[in-house]
Amino acid sequence: MPIFALVDCNNFYVSCEKLFRPDLKHTPVVVLSNNDGCVVARSKEAKALGIKMGVPVFKIRHEIERHGIVTFSSNYAFYADMSQRVMSILEELAPRVEVYSIDEAFLDLTGVEACTSLEGFGQLVKTTVGQWTGVQVCVGIAPTKTLAKLANHGAKSYPATGGVVDLTAKERQRKLMALLPVNEVWGIGGKLKVRLELMGIKTALDLADADPAMIRKRFSVVVEKTVRELNGISCLNLEEAAPTKQEIVCSRSFGERIQDFRVMREAISEYTSRGAEKLRGENRLAKRITVFIRTSPFNQQELQYSNAATLEMITPTDDTTSLVKTAHRGLQSIWKDGYRFAKGGILLSDFYDPKGYQPDLLDDSPDRAKNEKLMQTLDQINHSGLGKVFIAAQGIQKGWSMKRDFLSPAYTTRWSDVPRVK
DNA sequence: TCTGGGGTCCTAGGACCC
DNA sequence: TCTGGGGTCCTAGGACCC
């Protein structure tokens with residue numbers, strides 16, 4: 001029987017910010033999404049004040065002032081660096097690790113029991129990560145990933161557990177599941193919760209006791225697997241190697257609404273360039289690009305418009321200039337004057353290996369090799385810290401670029417920002 | 001006035017073929 | 001009035017995750 005552990009950092013983004021701001025130790029702190037739009041992480045103090053996850057900042061302005069809540073713009077370069085430190089420790093402690101997200105990892109603990117108690121191992125993970133990085137984690141241990149997630153949830157919710165829950169015993173599984181609403185189960189979101197509740201399935205335990213065949217018929221194989229996982233039958237394996245990407249998205253809400261075609265073209269050019277850069281980083285070529293724009297769905301007073309265009313290139317490419325040209329055609333085909341656009345972006349898909357694709361006989365676009373050197377040079381300069389080079393279509397003013405009014409310094413990734421001890 | 005970004009997987013349904 | 005059936009492939013859209 002396999003044993004999984006889920007290690008999850010507590011309030012990760014906020015914890016990162018607090019590491020370098022000991023003065024904020026007991027202060028309520030929140031981290032905001034891109035554009036300083038919504039709350040995406042909350043300190044324990046902020047949670048205690050009733051600040052909800054995902055709430056738009058403008059709705060809690062009053063609370064922020066009244067309670068002196070400190071806000072940070074999200075600083076992904078910093079969080080990604082801290083994440084790497086945590087993950088490399090986990091990789092030292094456990095033989096097999098799946099980095100599941102920026103603040104979570106699954107560990108394979110099969111066989112660990114022979115050497116030490118599972119709970120003891122969980123405590124070791126927790127204290128080691130805490131001492132070496134300052135980041136606090138909780139550990140959930142169980143025979144399936146879905147149960148390990150629930151165990152972790154238990155470890156977070158009940159301080160008496162000491163942040164580690166071993167859920168390998170069947171009775172403990174059922175006891176915890178009876179307490180949890182069905183939408184706390186990994187893979188059950190708001191829509192499924194409503195449909196399940198109509199069938200009388202209200203708790204995680206109700207779902208575990210449901211008939212898998214019936215669930216498959218009424219929902220899907222995904223939910224069926226969830227039911228089996230809740231019963232201790234492992235359906236989801238540990239995925240050590242990151243699977244190759246199927247698509248690359250670059251999209252942003254604009255710092256200010258866009259009403260002018262030329263401005264939108266700049267923004268789309270910028271996202272396309274970034275997408276092309278990511279594509280080269282993944283060592284892939286894309287054959288398809290989707291361009292999309294939309295007004296704000298939150299403002300119902302306003303005229304709404306949302307559209308997307310998908311274009312196919314003759315030959316798969318990673319060349320910024322030809323991708324930007326294609327994106328421009330796409331934008332042209334969906335653009336409409338008279339709207340206040342709130343968001344736009346591009347999606348690259350239908351990927352090919354640069355070494356193994358079939359060139360098209362009728363392709364008359366310039367030889368890929370010519371632009372390859374140019375793209376390499378572009379990436380090199382942009383990664384060197386010497387400055388940034390970009391194509392003219394991206395524009396210079398960028399009034400639309402995102403707001404980040406409360407950004408913390410790059411403590412761990414930029415020499416000039418490394419804190420000084422006086 | 002102001003509401004994130006980047007992914008995955010599955011399914012239904014249309015297009016197309018014989 | 002009567003208007004095949006079965007298969008594959010592709011895409012859009014919906015659901016979920018963090």
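The shown structure was predicted, so the numbers you read here are calculated from the model rather than taken from an experiment. Each chain gets a letter, A, B and so on, in the order its sequence line appears, and its residues count up from 1.
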Need one value for A:Lys403: base, sugar-phosphate or nothing, where a base atom within 4.0 Å counts as base even if backbone is also close, heavy atoms only.
nothing

NZ of A:Lys403: more than 12 outside heavy atoms within 6.0 angstrom?
no

Hey, is the side chain of A:Ser251 poking within less than 4.0 Å of OP1 or OP2 on B:dG4, counting only N and O atoms?
no

Who is the Watson-Crick or G-U wobble partner of B:dC17, with both distances under 3.5 Å?
C:dG6

Between A:Arg262 and A:Glu266, does a salt bridge (charged side-chain N to carboxylate O under 4.0 Å, His left out) hold up when you go through it step by step?
CA-CA 6 Å; A:Arg262 284 163 307 175; A:Glu266 275 180 25; over 6 Å; no

Between C:dC16 atom P and A:Lys149 atom NZ, what is the distance in whole Å?
15 Å

Rounded interatomic separation in angstrom, taking CZ from A:Phe106 and P from C:dC17:
12 Å

B:dT11 - base-pair partner by Watson-Crick or wobble geometry, distances under 3.5 Å:
C:dA12

Atom CD of A:Glu239 and atom P of C:dC18: how far apart are they, to the nearest Å?
16 Å

What nucleic acid atoms does A:Arg340 come within less than 4.0 Å of, heavy atoms only: base, sugar-phosphate, or nothing?
sugar-phosphate

Please classify the nucleic acid contact of A:Val185 as base, sugar-phosphate, or nothing, using heavy-atom distances under 4.0 Å.
sugar-phosphate

Report the distance from atom CG of A:Asn34 to atom P of B:dG5, rounded to the nearest whole Å.
6 Å

Phosphate-side-chain proximity, A:Ser74 and B:dG4, N/O vs OP1/OP2 below 4.0 Å:
no

Given side chains that start at C-beta, do those of A:Leu24 and A:Phe72 come closer than 4.5 Å, heavy atoms only?
yes

Can you tell me the distance, in whole Å, between the NZ atom of A:Lys343 and the C1' atom of B:dG5?
6 Å

Please classify the nucleic acid contact of A:Asp103 as base, sugar-phosphate, or nothing, using heavy-atom distances under 4.0 Å.
sugar-phosphate

Judged by each residue's nearest nucleotide on DNA chain B, which is more toward the 5′ side, A:Arg274 or A:Arg61?
A:Arg61

Assess whether salt bridge (charged side-chain N to carboxylate O under 4.0 Å, His left out) is satisfied between A:Lys18 and A:Glu45, documenting all intermediate values.
CA-CA 12 Å; A:Lys18 284 199 177 192; A:Glu45 300 80 12; 3.1 Å; yes

Any salt bridge between A:Lys145 and A:Glu239, counting N to O under 4.0 Å?
no

Charged N-O contact under 4.0 Å between A:Arg218 and A:Asp211:
no

For A:Arg294 and B:dG5, what is the distance between atoms CZ and C1' respectively, to the nearest whole Å?
11 Å

Using a heavy-atom cut-off of 4.0 Å across all strands, would you classify A:Arg257 as base, sugar-phosphate, or nothing?
sugar-phosphate

Would A:Arg274 and A:Glu270 count as a salt bridge (charged side-chain N to carboxylate O under 4.0 Å, His left out) here? Give the steps.
CA-CA 6 Å; A:Arg274 259 190 248 158; A:Glu270 166 99 9; 2.8 Å; yes

When the distance from CG of A:Leu32 to C1' of B:dG4 is rounded to whole Å, what number comes out?
11 Å

Validation row: A:Leu49, A:Glu63 side chains within 4.5 angstrom (heavy atoms):
no

Could you tell me whether A:Glu312 and A:Arg288 make a salt bridge, using a distance below 4.0 angstrom between a side-chain N and a carboxylate O?
yes

Measure from CD on A:Glu63 to C1' on B:dC2 and round the result to the nearest Å.
15 Å

Per-nucleotide protein contact along nucleotides 7-14 of chain B, 5' to 3', at a 4.0 Å heavy-atom cut-off (B base, S sugar-phosphate only, - neither), is SB-SS---

Looking at DNA chain C, which of residues 186-205 of chain A put a heavy atom within less than 4.0 Å of it?
A:Trp186, A:Gly187, A:Ile188, A:Gly189, A:Gly190, A:Lys191, A:Leu192

Lys/Arg N to Asp/Glu carboxylate O, A:Lys287 vs A:Asp350, below 4.0 Å
no

